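A quick write-up on the structure given underneath.
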Amino acid sequence: MKNGNFNSKLKHSQRNGSLINRLGKLGDSKNPIFDFKNIPKIEVRWIRLKKGDTKTVPHKHKVIQTLIILVRGHHEVTINKSKMVPLKKEGDFIFIEPNDLHTWVTKKDTLLMVLRWKI
């Protein structure tokens, strides 16, 4: 599990974040996700949640990696029943590894961008 904020890593002259800014350039040998032979089929979702929406039963995905990016709102993800990660600021993200048990709760109306791919 990794988390952070895409916007905090941008240069002052950049007005909008992009995944390429944080994950590397195409063909970057340090980041094999962008090696054209290894590009996974990525599912991209926009998810709107209302304040109070929850997933309280811990669940995991055996072969799926998930990147959740906060567009707006306030969303909290709990990993392995102990590590609570708040997504409060635009651009906050959490990367969930396969087999990470997780639950979530939405603290106010929220819009998320979710990317998922099989490993």
Side-chain angles (χ1 to χ4, degrees):
M1 186 269 308
K2 297 177 186 174
N3 68 290
N5 184 286
F6 283 114
N7 290 335
S8 68
K9 305 296 183 188
L10 298 176
K11 296 176 185 174
H12 294 294
S13 62
Q14 295 172 309
R15 297 187 64 137
N16 297 306
S18 89
L19 292 177
I20 301 253
N21 286 340
R22 294 303 310 132
L23 296 178
K25 295 178 182 175
L26 290 174
D28 183 345
S29 63
K30 296 178 187 174
N31 197 337
I33 194 171
F34 288 109
D35 179 348
F36 288 110
K37 294 177 238 163
N38 297 328
I39 293 177
K41 186 181 281 187
I42 298 175
E43 172 189 5
V44 178
R45 295 179 174 180
W46 291 97
I47 299 178
R48 286 181 175 81
L49 298 167
K50 297 283 186 191
K51 178 181 178 178
D53 287 349
T54 62
K55 179 92 169 199
T56 57
V57 176
H59 63 287
K60 63 183 176 181
H61 309 282
K62 290 184 179 183
V63 295
I64 295 175
Q65 293 179 313
T66 305
L67 175 63
I68 301 171
I69 305 165
L70 181 72
V71 177
R72 67 173 177 265
H74 182 179
H75 190 71
E76 293 179 352
V77 179
T78 301
I79 302 292
N80 297 323
K81 299 182 182 179
S82 61
K83 170 88 172 149
M84 192 278 291
V85 178
L87 305 177
K88 292 181 175 181
K89 295 185 299 187
E90 176 185 300
D92 282 353
F93 70 90
I94 183 169
F95 180 75
I96 301 172
E97 297 279 359
N99 295 312
D100 278 346
L101 274 175
H102 56 283
T103 60
W104 53 263
V105 62
T106 303
K107 297 296 188 172
K108 66 184 204 181
D109 290 357
T110 293
L111 177 61
L112 301 171
M113 183 172 148
V114 178
L115 292 88
R116 295 170 23 135
W117 61 95
K118 289 184 180 180
I119 57 165

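All of these numbers come straight from a predicted model, not from anything done at the bench. Keep in mind that the numbers below use all heavy atoms, side chains included, and drop hydrogens, waters and symmetry copies.
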Should T103 and T54 be marked as a side-chain contact (heavy atoms from CB on, under 4.5 Å) after you check the CA-CA gap, both sets of side-chain angles, and the distance that decides it?
CA-CA 8 Å; T103 60; T54 62; over 6 Å; no
Grouping I, L, V, M, F, W and Y whenever their side-chain heavy atoms are under 4.5 Å apart, do [X] and [Y] come out in a common cluster?
X	Y	value
F93	I42	yes
F95	M113	yes
M84	I79	no

Of the non-hydrogen atoms in [X] and [Y], which two are nearest, and what is the gap between them?
X	Y	value
P98	I119	CG-CD1, 3.5 Å
K89	L70	O-CD2, 3.5 Å
L101	K81	CD1-CE, 4.4 Å
K107	K51	O-CG, 3.2 Å
L115	W117	O-CZ3, 3.9 Å
V71	W46	CG2-CZ3, 3.4 Å

Atom [atom1] of [X] and atom [atom2] of [Y]: how far apart are they, to the nearest 0.5 Å?
X	Y	atom1	atom2	result
L112	L67	CG	CG	11.0 Å
T66	E43	OG1	CD	8.5 Å
H75	D92	NE2	CG	12.0 Å
L87	I94	CG	CD1	6.5 Å

Apply the test side-chain contact (heavy atoms from CB on, under 4.5 Å) to residues L49 and D109: give CA-CA distance (whole Å), side-chain angles for both, the deciding distance (0.1 Å), then the verdict.
CA-CA 6 Å; L49 298 167; D109 290 357; over 6 Å; no
Please lay out, stage by stage, how Q65 and R116 fare under the test side-chain contact (heavy atoms from CB on, under 4.5 Å).
CA-CA 6 Å; Q65 293 179 313; R116 295 170 23 135; over 6 Å; no
Under the salt bridge (Lys or Arg N to Asp or Glu O under 4.0 Å) test, which residues partner K60, sequence neighbours left out?
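Expected list: none.
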Okay, side chain of T110, backbone of H74: is any donor-acceptor separation there less than 3.5 Å?
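Checked: pair present.
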Under the 3.5 angstrom rule, does the side chain of H59 hit a backbone N or O of H102 as a donor-acceptor pair?
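Yes: the side chain of H59 pairs with the backbone of H102.
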